[in-house]
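Just below is one structure, and these are the notes that go with it.
Each chain gets a letter, A, B and so on, in the order its sequence line appears, and its residues count up from 1. It should be emphasised that the depicted structure is a prediction, and the values quoted were computed from it without experimental measurement.
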There are 2 protein chains.
Amino acid sequence: MKKREKTVYEARAKVIKAIAHPSRLLIIEELQRQERCVNELTEMIGADTSTVSKHLSVLKNAGLVADEKRGNSIFYSLRCPCIMGFMGCVEEVLSANAEAQKNIMKLCKR
Amino acid sequence: MKKREKTVYEARAKVIKAIAHPSRLLIIEELQRQERCVNELTEMIGADTSTVSKHLSVLKNAGLVADEKRGNSIFYSLRCPCIMGFMGCVEEVLSANAEAQKNIMKLCKR
DNA sequence: TGTCTATTTGGCTATATTGCCAAATAGACA
DNA sequence: TGTCTATTTGGCAATATAGCCAAATAGACA
């Protein structure tokens, strides 16, 4: 892998890595619906505020969300809704896996 | 986050995490073009064979690739080509980020 | 100005990931 | 059977990630 290629793959990986966490997936899904402040997301996730704040900073750092201060809170919003399209594919993978498991079980019962 | 939801998000995250690595992104991209054996991929990536083998096992474990032994080698192939559609979105994020950076630079020069 | 609220940061520990080397394994083929 | 090749596994060290607590910060609003 040449240096140039490596840089490109690393940049892509960084974005994808930012998505690859249960809590951050929830955040992305919720922000696609509507913008939310840290407190609201914290309640939904059920973790420490500081933890959620750090998750948001990961997402922001990857360029996936935008933040805007309004009144006393900071509202986060999804910058690239196209990400949700990706979830369809992930779901496809998961159900293909489930199907494969099922077939293995069938073979066992024979 | 309820237990049920959590399980779902964890399953999704596992799949996405499997994609989120420079070398594995290269592998996915190459396998989308054509199936390849470990040796070929190892040369392309330029890492230890064992390292590449482990990357492949991560992908396989997530249900993203399939493997088939033929002759002396094991050929890996992409099980869910829809993943490549995702890359378009990642690219969009990256260029949006670049654009944002550019605008910041402009403000600095004023 | 002072207080109160929302959010971020620092520090820490526990856990997970990565990548290499060496060794084990599996199976093709003479 | 024996050898040779391709791949996987185990072990280890370095690094990164996640989550909590406590403390710092920023700014709204009386």
| query | Ser73(B) near the nucleic acid: base, sugar-phosphate alone, or nothing, with a heavy-atom cut-off under 4.0 Å? | reply | sugar-phosphate

Enumerate the protein-to-nucleotides 10-12 of chain C contacts in which both atoms are nitrogen or oxygen and the separation is below 3.5 Å.
residue	atom	partner	partner atom	Å
dG10(C)	O6	Lys54(A)	NZ	3.0
dG11(C)	O6	Lys54(A)	NZ	2.8

| message | Suppose the criterion is salt bridge (Lys or Arg N to Asp or Glu O under 4.0 Å): which pairs have a residue in residues 93-103 of chain B, not counting sequence neighbours? | response | Glu99(B)-Lys102(B)

| request: Let me know the distance between CD of Glu10(A) and C1' of dT18(C), rounded to the nearest Å. | output: 13 Å

| said: Just verifying a value: how many Å separate Tyr9(A) OH and Leu26(B) CG, rounded to the nearest 0.5 Å? | reply: 4.0 Å

| field | Distance below 4.0 Å between Thr51(B) side-chain N/O and dT18(C) OP1 or OP2 | value | no

| task | Over all heavy atoms of both residues, which pair between Ser50(B) and Asp48(B) is shortest? Give the atoms and the distance, please. | result | OG-OD2, 2.7 Å

| message | Tell me whether Glu43(A) at atom CD has more than 12 heavy atoms from other residues, nucleotides or ligands lying less than 6.0 Å away. | response | no

| How close do Ile27(B) and Leu56(B) get, heavy atom to heavy atom, and via which atoms? | CG2-CD2, 3.9 Å

| Would Lys2(A) and Glu5(A) pass as an ion pair if we require N to O under 4.0 Å? | no

| task | Please tell me which of Asp67(B) and Asp48(A) maps to the more 5' nucleotide of DNA chain D, matching each residue to the nucleotide holding its nearest heavy atom. | result | Asp67(B)

| Five-pair end axes of the helix from dT1(C)-dA30(D) to dA30(C)-dT1(D), angle between them (10°) | 30°

| message | Output the rounded distance in Å from CZ (Arg70(A)) to P (dT7(C)). | response | 12 Å

| query | Which pair of heavy atoms, one from Ile19(B) and one from Phe86(A), lies closest together, and at what distance? | reply | CD1-CZ, 3.9 Å

| request: Give, ordered by number, those residues of residues 19-44 of chain B having at least one heavy-atom distance below 4.0 Å to an atom of DNA chain D; if nothing qualifies, reply none. | output: Cys37(B), Val38(B), Asn39(B)

| Which whole-number value in Å describes the distance from Leu59(A) CG to dA18(D) P? | 10 Å

| field | Closest-nucleotide ordering on DNA chain C, the 5'-leading residue of Lys17(A) and Lys60(A) | value | Lys60(A)

| Are Tyr76(A) and dT8(C) close enough that a side-chain N or O sits under 4.0 Å from OP1 or OP2? | yes

| message | Could you work out, with side chain to side chain contact (heavy atoms under 4.5 Å, CB included) as the rule, every residue matching Glu68(A), not counting sequence neighbours? | response | Arg70(A)

| task | To the nearest 0.5 angstrom, please state how far the CG atom of Leu64(A) sits from the CD1 atom of Ile83(A). | result | 4.0 Å

| remark: Between Pro22(A) and the options Glu10(B), Arg12(B), Lys14(B), the side chain to side chain contact (heavy atoms under 4.5 Å, CB included) test singles out Glu10(B)

| said: Tell me whether Cys80(A) and Cys89(B) have SG atoms closer together than 2.5 Å. | reply: no

List, with names and distances, any nitrogen or oxygen atoms from the protein found under 3.5 Å away from nitrogen or oxygen atoms belonging to nucleotides 27-30 of chain C.
none

| field | Pairwise distance CD(Glu40(A)) to CD1(Ile45(A)) - rounded to 0.5 angstrom | value | 12.0 Å

| message | Let me confirm one number: the NZ-OG distance from Lys54(B) to Ser23(B), rounded to the nearest 0.5 Å. | response | 13.5 Å

| said: Check this for me: Arg33(A), atom CZ, are more than 12 non-hydrogen atoms of other residues, nucleotides or ligands nearer than 6.0 Å? | reply: yes

| query | Which listed nucleotide (dC20(D), dT7(C), dC20(C)) is nearest to the side chain of Ala47(A)? | reply | dC20(D)

| query | What is the distance from CZ of Phe75(A) to P of dT5(C), rounded to the nearest Å? | reply | 17 Å

| query | Quick one: is His55(B) getting a side-chain N or O under 4.0 Å of the dT17(C) phosphate, OP1 or OP2? | reply | no

| field | Separation of atom NZ in Lys14(B) from atom C1' in dT17(D), rounded to whole Å | value | 19 Å

| query | dG19(D) C1' sits how many Å from Lys6(B) NZ, rounded? | reply | 12 Å

